[in-house]
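Each remark here refers to the structure printed beneath this line.
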2 protein chains.
Amino acid sequence: MNISDVARETGLPPKTIRYYEEIGLIRPLRDTNGYRVFRQSDSHKLAFLGRARALGFSIEDCRKLMALYEDQDRASSDVKHLAQEHLTQIEEKIAQLQSMQATLRHLVRECAGDARPDCPILRDLAEG
Amino acid sequence: MNISDVARETGLPPKTIRYYEEIGLIRPLRDTNGYRVFRQSDSHKLAFLGRARALGFSIEDCRKLMALYEDQDRASSDVKHLAQEHLTQIEEKIAQLQSMQATLRHLVRECAGDARPDCPILRDLAEG
DNA sequence: CTTGACCTTACAGTGACTGGAATCCCTATC
DNA sequence: GATAGGGATTCCAGTCACTGTAAGGTCAAG
């Protein structure tokens with residue numbers, strides 16, 4: 001498979017696939033012309049990475065998850081621990097965004113949004 | 001005021017304050033020794049920026065908000081429009097994170113988290 | 001006169017790509 | 001055989017909003 005084939009298969013852009021090779025997440029073979037040659041196992045790994053990224057795992061977490069995936073002797077506790085930590089971070093991020101959302105919603109509701117200069121949003125930013 | 005004074009006043013790190021000058025958000029004066037000299041108005045602007053950033057506005061949005069703040073003839077509709085767009089983006093981000101959260105919660109709950117290698121988290125990542 | 005706290009600039013690094021330029025390869029057609 | 005196209009390659013720069021570090025200048029106290 002060439003890069004565009006595996007890009008179609010995995011839904012990842014060719015640029016991203018090249019980047020993943022550059023940082024050592026995958027190691028596709030090379031044809032005599034220098035083209036990357038992707039085995040089914042490479043495509044499989046890329047799909048794995050794509051799903052992990054879609055769940056918000058960092059690249060370094062993805063690297064660890066891949067290593068665990070390939071380690072037949074892993075303990076599921078290691079995987080769970082990683083996922084739990086990530087989940088906690090997501091929940092913190094949600095809480096933070098919800099706090100912004102609440103403030104913004106309130107301010108937007110208060111603002112007349114007409115041609116006059118008076119604005120509670122700017123007042124809030126100016127005075128805290 | 002020197003940079004550390006205004007840093008204390010605004011809660012922004014000196015590094016960030018220098019950066020904000022570099023990108024033209026503030027224009028403090030300079031003493032003969034080259035030190036930045038912050039007027040009360042600079043400190044006020046920085047506090048404004050800090051609050052806008054805390055609400056998640058991008059630097060470019062902050063620049064626009066500052067310009068609107070300083071424009072006596074602004075229309076509050078312009079401010080409201082900016083805030084509304086930002087709010088929408090925050091809500092999209094929250095929805096995206098909540099979707100990740102739901103999946104991760106489910107997977108974490110399913111995973112035994114013991115010494116055995118069997119793991120629904122990895123299975124999900126591998127098979128989709 | 002030295003110490004130590006403060007200030008300055010300039011440059012590199014972060015995360016995870018993304019865009020663009022220059023060049024090479026392969027296949028098909030004229 | 002020349003050429004046109006679509007795809008592949010590498011390398012470099014840019015994104016966003018800082019943050020870290022190094023090398024040096026300034027100031028007040030002792």
Side-chain angles (χ1 to χ4, degrees), chain A residues 1-39 42-43 45-46 48-66 85-86 89-90 93 96-97 100, chain B residues 1-39 42-43 45-46 48-66 85-86 89-90 93 96-97 100:
Chain A
M1 269 195 293
N2 278 353
I3 199 162
S4 65
D5 304 314
V6 75
R8 212 176 315 105
E9 260 193 31
T10 61
L12 297 172
K15 274 277 187 194
T16 300
I17 296 171
R18 288 192 195 101
Y19 173 66
Y20 285 175
E21 181 191 23
E22 191 186 322
I23 63 173
L25 286 177
I26 52 165
R27 297 186 196 285
L29 303 175
R30 292 290 176 139
D31 207 339
T32 49
N33 59 14
Y35 285 21
R36 290 172 184 80
V37 174
F38 295 85
R39 290 149 291 186
D42 294 315
S43 182
K45 278 190 195 181
L46 285 167
F48 181 102
L49 291 168
R51 280 187 284 265
R53 292 287 301 129
L55 285 179
F57 285 103
S58 71
I59 289 284
E60 283 319 301
D61 278 354
C62 288
R63 201 188 293 279
K64 290 177 196 156
L65 287 168
M66 283 272 296
E85 285 215 334
H86 177 49
Q89 284 194 6
I90 282 181
K93 187 78 190 162
Q96 189 193 351
L97 287 172
M100 293 177 185
Chain B
M1 268 195 294
N2 279 352
I3 199 163
S4 64
D5 303 314
V6 75
R8 212 176 314 105
E9 261 193 31
T10 62
L12 296 172
K15 273 279 183 193
T16 299
I17 296 172
R18 289 192 194 102
Y19 173 67
Y20 285 176
E21 182 191 22
E22 192 185 322
I23 63 173
L25 286 176
I26 51 165
R27 297 187 196 286
L29 303 174
R30 291 293 176 138
D31 206 340
T32 48
N33 58 15
Y35 286 20
R36 289 170 183 82
V37 174
F38 295 86
R39 290 149 291 186
D42 294 315
S43 182
K45 277 190 195 181
L46 286 168
F48 181 102
L49 291 168
R51 279 187 285 265
R53 291 287 299 130
L55 285 179
F57 285 103
S58 72
I59 289 286
E60 283 321 300
D61 278 354
C62 288
R63 202 188 293 278
K64 290 177 196 157
L65 287 169
M66 283 271 297
E85 286 215 335
H86 177 48
Q89 284 193 6
I90 283 181
K93 187 77 190 163
Q96 189 192 351
L97 287 172
M100 293 177 186

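Everything numeric here is computed off the predicted structure, so don't read it as measured data.
At whole-Å resolution of the value, CG in L46(B) and P in dC18(D) are 12 Å apart. For R36(B) and dT26(D), the CZ to P distance is 15 Å, given to the nearest whole Å. Distance CG (D5(B)) to C1' (dC27(D)): 14 Å, rounded to an integer number of Å. Between the P atom of dC16(D) and the CZ atom of R63(B) lies a distance of 11 Å, rounded to the nearest Å. Atom-to-atom, OH of Y19(A) to C1' of dG19(C) comes out at 16 Å; the value is rounded to the nearest Å. Rounded to an integer number of Å, the gap from CD of Q89(A) to C1' of dG15(C) is 14 Å. Between the CD atom of E21(B) and the P atom of dA17(D) there is a distance of 18 Å, given to the nearest Å. Distance, N2(B) CG to dC27(D) P: 10 Å, rounded to whole Å.
Residue Y35(B) places a side-chain atom within donor-acceptor reach of the base of dG25(D), judged by atom type and a 3.5 Å distance cut-off alone.
Side-chain atoms of N33(B) come within 3.5 Å of backbone N or O of Y35(B) as a donor-acceptor pair.
At a threshold of 4.0 angstrom between heavy atoms, the contacts of F57(B) with the nucleic acid are absent. Residue contacts shown for I3(B) are limited to sugar-phosphate atoms, with no base heavy atom under 4.0 Å away. In this structure, R18(A) reaches the bases: a heavy-atom distance under 4.0 Å links it to at least one base atom across the strands shown.
Side-chain atoms of L55(B) and R51(B), non-hydrogen and from C-beta on, never get closer than 4.5 Å to each other. Residues T10(B) and L49(B) are not in side-chain contact: their nearest non-hydrogen atoms beyond the backbone lie 4.5 Å or more apart. E21(B) places none of its side-chain heavy atoms less than 4.5 Å from the side chain of R27(B).
For the pair R39(B) and D42(B), the salt-bridge criterion is met [side-chain N within less than 4.0 Å of a carboxylate O].
Ranking dA8(D), dT18(C), dA16(C) by closeness to the S58(A) side chain, first place goes to dA16(C). Among dT9(D), dC25(C), dC17(C), the nucleotide with an atom closest to any side-chain atom of R30(A) is dT9(D). Of all nucleotides listed (dA16(C), dC18(D), dT26(D)), dT26(D) comes nearest to the side chain of N33(B).
An OP1 or OP2 oxygen of dA17(D) is reached within less than 4.0 angstrom by no side-chain nitrogen or oxygen of T16(B).
Where E60(B) and T32(B) meet DNA chain D, the nucleotide closest to each residue was compared, and E60(B) sits on the side nearer the 5' end.
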